[in-house]
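As structure tokens, the structure follows; a few thoughts come after it.
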Amino acid sequence: MSKNKDKSKKPKKIRPEVLKGFRDYPPSDEIARQKMVAVFRSVFESFGFSPLQTPSLEKIETLKGADYGADNLATIFSFVGPEKVDMALRFELTASLARYVAGNGELTLPFRRYQIGPVWRVDKPGPGRFREFTQFDIDSVGTESMLADAEIMAAISKSFDKLGIENYKIKYSNRKILNGLAKMIGIPDDKAPDVFRVIDKLDKQGIEAVKLELGPGRTDKSGDKIPGLGLDENHITHIVNFLSLEVDPEKNALQFISSVVARKMSDDPDRSASFELFSALNSSEDGREELKSGYDELIEINNYLKNLGVPDEKAQIDLTIVRGLGYYTGPVFETILTDLPDYGSVFAGGRYDGLVERFTGKKIPAVGASAGVDRLLAALIKMGKIKADPTVSQVLVTVMDKEQTSEYISILNEIRDAGIKAEIFLGQTKSFTKQMKYADRVGIPVAVILGSDEIENKTVTIKNLIAGGEQAKDVADREEWLKAENIQVTISRSEMITNLKTLLSKIENL
RNA sequence: GCCGGGGUAGCUCAGCUUGGUUAGAGCGCCUGAUUGUGGAUCAGGAGGCCGGCGGUUCAAUUCCGCCCCUCGGUACCA
């Protein structure tokens, strides 16, 4: 009863909760993330991409196009602004890039930029999926050259190398190939994007699921019904036949396509698997042209990649790659981590020619790629490629005697000026034990200790907390542990900086 | 959107089936043993709108309904 009384007197507390689908990034996450981003930044800059930053909020037409409808807006955070302007948080970075290019007519093309920033979507949060997340984009706008596409792929490859990831693969293809095939077997134009969307699931769901979704639909593991596209049996067989040429996708499928382009069935190494498909490919000359163009581009990119020094095992042609998005028009590619196939594609993109046209009416060709920073980081941490330090602080200057504060500060200044990240203990307690505990908990690896002894003798004591922590494992008795310390040295002040630097570099390399 | 698990202390969870005294445990946290040294140990302590609203009841953390949130699967992903 008395408890209840107390409660009613208390002011209502605010629950410290974040919004659904949002989250905090504690220092350890953010430190790791910044390390990773620094690598991408430096590689892309070495390729001559410059940073661009655009607003988080845009006019809604910028993001959705002029004909935005109510159901289209379901997954975008939209508002009516103070001046009654419809606006929304960006859900990706490309639309803003297109707006930027279109709105700056004096911009010299090709324009090549990278951009990193948060984007927002009103999705249902799922595993590794949030309403606010960070994307990393690179794009080259205003160039038709396939070298632009190859360069983006090469930059991705370089970045992954530099991050120490050995097992990744950039798989690439060209939309025009499947587009052409679709035309040639008579799939209506308006169905083609849906077909691609389904084919895109091949990796995750397998050929049988794709087959069913092209046709009558299927029921997934949870018992939910997934509607199919309702293509007729004939079309499905042709598509599946083509996708099944993937035994050695680079060779068989490519040769098959070149034989289609040349209209010579005899060039096809796998007649039995593709004869049926081949014989169906007679209906559309348009389709054949598109197929040929896609094939040529693919080969061109393949050559450029060789020139750029991307090894074959890192970048491979895979004709089953289509990408789900509708706006891709030519080359498409995605990067997977072969050790972590569950993470899906972690850096992907392709050529899109229509995005700037929305604003200017002029077609400006562009190619770009986008990475989900958070997912990639999760993968890196899982693979042990990035260390998640709990703090950036490297040195704690402990406070033994408040009377000596100015002395401590001058030591602190000296350490900081030497480029070492350092802090002085700012807590309330006088207990020295607490200060060591603080350093330990926060994860500061080194303590600099100055008591009356040190000050009198113009020395400092430097303690390696990492090594101390290791030693604690073997010692059960407190007295023994305290005495066993050969993990700290007392040296003259003039030697302090050199000593700290060697110690810290030793700790870094652990 | 659909299917399923869950929401009780800072964290991980027990209790709920069968409503009823003071809602527990482990870990963590705070204080001290130990004001010049982190771990371990020991002693003491703080910390709960039992997710929210409504219903049934003399009585609800417990039963019922709705909602919210969360986790996993699936769909969507411009």
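Here is the naming used below: chain letters follow the sequence lines, and residue numbers restart at 1 for every chain.
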#### Entry: Aromatic ring pairing A:Phe136/A:Phe347, orientation class (parallel under 30°, perpendicular over 60°, tilted between)
tilted

Please verify the inter-ring angle class for A:Tyr438 with A:Phe425; under 30° counts as parallel, over 60° as perpendicular, anything in between as tilted.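 Perpendicular, since the angle between the ring planes exceeds 60°.
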
Expressed as a whole number of angstroms, how long is the span from [X]:[atom1] to [N]:[atom2]?
X        : N      : atom1 : atom2 : result
A:Arg131 : B:rC76 : CZ    : C1'   : 14 Å
A:Tyr438 : B:rG36 : OH    : P     : 20 Å
A:Arg121 : B:rC76 : CZ    : P     : 14 Å
A:Phe432 : B:rU37 : CZ    : C1'   : 5 Å
A:Arg129 : B:rU70 : CZ    : P     : 14 Å
A:Ile199 : B:rC77 : CD1   : C1'   : 18 Å
A:Gln488 : B:rU37 : CD    : P     : 10 Å
A:Met436 : B:rG36 : CE    : C1'   : 10 Å

List, with names and distances, any nitrogen or oxygen atoms from the protein found under 3.5 Å away from nitrogen or oxygen atoms belonging to nucleotides 41-46 of chain B.
none

Discussion item. It should be established whether A:Thr433 places a side-chain nitrogen or oxygen under 4.0 Å from OP1 or OP2 of nucleotide B:rG38.
Written reply: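 True: A:Thr433 side-chain N/O within range (under 4.0 Å) of B:rG38 OP1/OP2.
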
Hits for side-chain hydrogen bond (donor to acceptor under 3.5 Å, both in side chains) against A:Gln135, two or more places apart or cross-chain, chain-then-number order -> none

Applying side-chain hydrogen bond (donor to acceptor under 3.5 Å, both in side chains) to A:Arg323 and not counting sequence neighbours gives A:Glu334

Any base atoms under 4.0 Å from [X], or only sugar-phosphate, or nothing? Heavy atoms, all strands.
X        : answer
A:Phe91  : base
A:Thr398 : nothing
A:Asp401 : nothing

Answer yes if the ring centres of A:Phe49 and A:Tyr114 are under 6.0 angstrom apart, and no otherwise.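 Judged by ring-centre distance (under 6.0 Å), A:Phe49 and A:Tyr114 do not meet the cut-off.
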
With respect to the side chain of [X], which nucleotide from [options] is positioned closest?
X        : options                : value
A:Glu213 : B:rU37, B:rG36, B:rC76 : B:rC76
A:Lys124 : B:rG73, B:rG38, B:rA75 : B:rG73
A:Lys463 : B:rC76, B:rU37, B:rG36 : B:rU37
A:Met400 : B:rC77, B:rG36, B:rU37 : B:rG36

Residue pairs passing the side chain to side chain donor-acceptor pair (under 3.5 Å) test with at least one member in residues 440-458 of chain A, sequence neighbours excluded, are A:Glu454-A:Thr461

Comparing nearest nucleotides in RNA chain B, the 5'-proximal residue of the pair A:Trp120, A:Ser452 is A:Ser452

* **First encountered from the 5' end of RNA chain B, between A:Thr461 and A:Phe130** =>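 First, find each residue's nearest nucleotide; the 5'-ward one identifies A:Thr461.
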
Enumerate the ring pair (Phe, Tyr, Trp, His ring centres under 6.0 Å) contacts for residues 440-472 of chain A, please, sequence neighbours excluded, ordered by first and then second residue.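 Of all non-adjacent pairs touching residues 440-472 of chain A, none passes ring pair (Phe, Tyr, Trp, His ring centres under 6.0 Å).
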
Contacts satisfying ring pair (Phe, Tyr, Trp, His ring centres under 6.0 Å) that involve residues 487-509 of chain A (not counting sequence neighbours) are none

Could you give the distance separating [M] and [N] at their [atom1] atoms, to the nearest angstrom?
N      : M      : atom1 : value
B:rA14 : B:rC77 : C1'   : 41 Å
B:rA9  : B:rG26 : P     : 16 Å
B:rA23 : B:rA46 : P     : 14 Å

Practice item. Side-chain contact test, heavy atoms from C-beta onward, threshold under 4.5 Å: evaluate it for A:Arg351 versus A:Glu297 and give yes or no. Key: no

| Does the side chain of A:Ser140 come within less than 4.5 Å of A:Val367's, by heavy atoms? | yes

Taking pairs as Watson-Crick (N1-N3 plus N6-O4 or O6-N4) or G-U wobble (N1-O2 and O6-N3), each distance under 3.5 Å, the stems of three or more consecutive pairs with RNA chain B are B:1-7 with B:68-74, B:10-13 with B:24-27, B:29-33 with B:41-45, B:51-55 with B:63-67

What are the atom names and distances for every N/O pair under 3.5 Å that joins the protein to nucleotides 27-33 of chain B?
residue : atom : partner  : partner atom : Å
B:rC29  : OP1  : A:Arg441 : NE           : 3.3
B:rC29  : OP1  : A:Arg441 : NH1          : 2.7
B:rC29  : OP1  : A:Arg441 : NH2          : 3.2
B:rU31  : OP2  : A:Lys434 : NZ           : 3.2
B:rG32  : OP2  : A:Lys434 : NZ           : 3.4

Applying ring-ring contact (aromatic ring centres under 6.0 Å, His included) to A:Tyr168 and not counting sequence neighbours gives A:Phe160

Could you check whether A:Glu414 pairs with A:Arg493 (Lys NZ or Arg NE/NH1/NH2 to Asp/Glu carboxylate O, under 4.0 Å)?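 Between A:Arg493 and A:Glu414 there is a salt bridge, with a charged N closer than 4.0 Å to a carboxylate O.
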
*asked:* I'd like to know if A:Asp374 pairs up with A:Arg23 as an ion pair, taking the criterion as any Lys NZ or Arg NE/NH1/NH2 lying under 4.0 Å from an Asp or Glu carboxylate oxygen.
replied: yes

Exercise for the section: Kindly state which residues belonging to residues 20-33 of chain A come within less than 4.0 angstrom of RNA chain B, counting heavy atoms of the residue only, listed by number. Expected result: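 A:Lys20, A:Gly21, in order of number.
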
Going through the checks in order, is the side chain to side chain contact (heavy atoms under 4.5 Å, CB included) test met by A:Leu465 and A:Met436? CA-CA 9 Å; A:Leu465 291 163; A:Met436 297 311 295; 3.4 Å; yes

Margin query: If we count only N and O atoms by modelled type, under 3.5 Å, do the side chains of A:Asp318 and A:Ser173 hold a donor and an acceptor together?
Written below: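 No, A:Ser173 and A:Asp318 have no side-chain donor paired with an acceptor closer than 3.5 Å.
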
Listed partners of A:Arg121 passing salt bridge (Lys or Arg N to Asp or Glu O under 4.0 Å), at least two apart =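 In terms of salt bridge (Lys or Arg N to Asp or Glu O under 4.0 Å), with neighbours along the sequence ignored, A:Arg121 is linked to no residue.
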
Step-by-step side chain to side chain donor-acceptor pair (under 3.5 Å) determination, A:Thr54 to A:Arg99: CA-CA 10 Å; A:Thr54 60; A:Arg99 191 223 74 225; 5.5 Å; no

Using nucleotides 7-9 of chain B, report all nitrogen or oxygen pairs with the protein that are shorter than 3.5 Å.
none

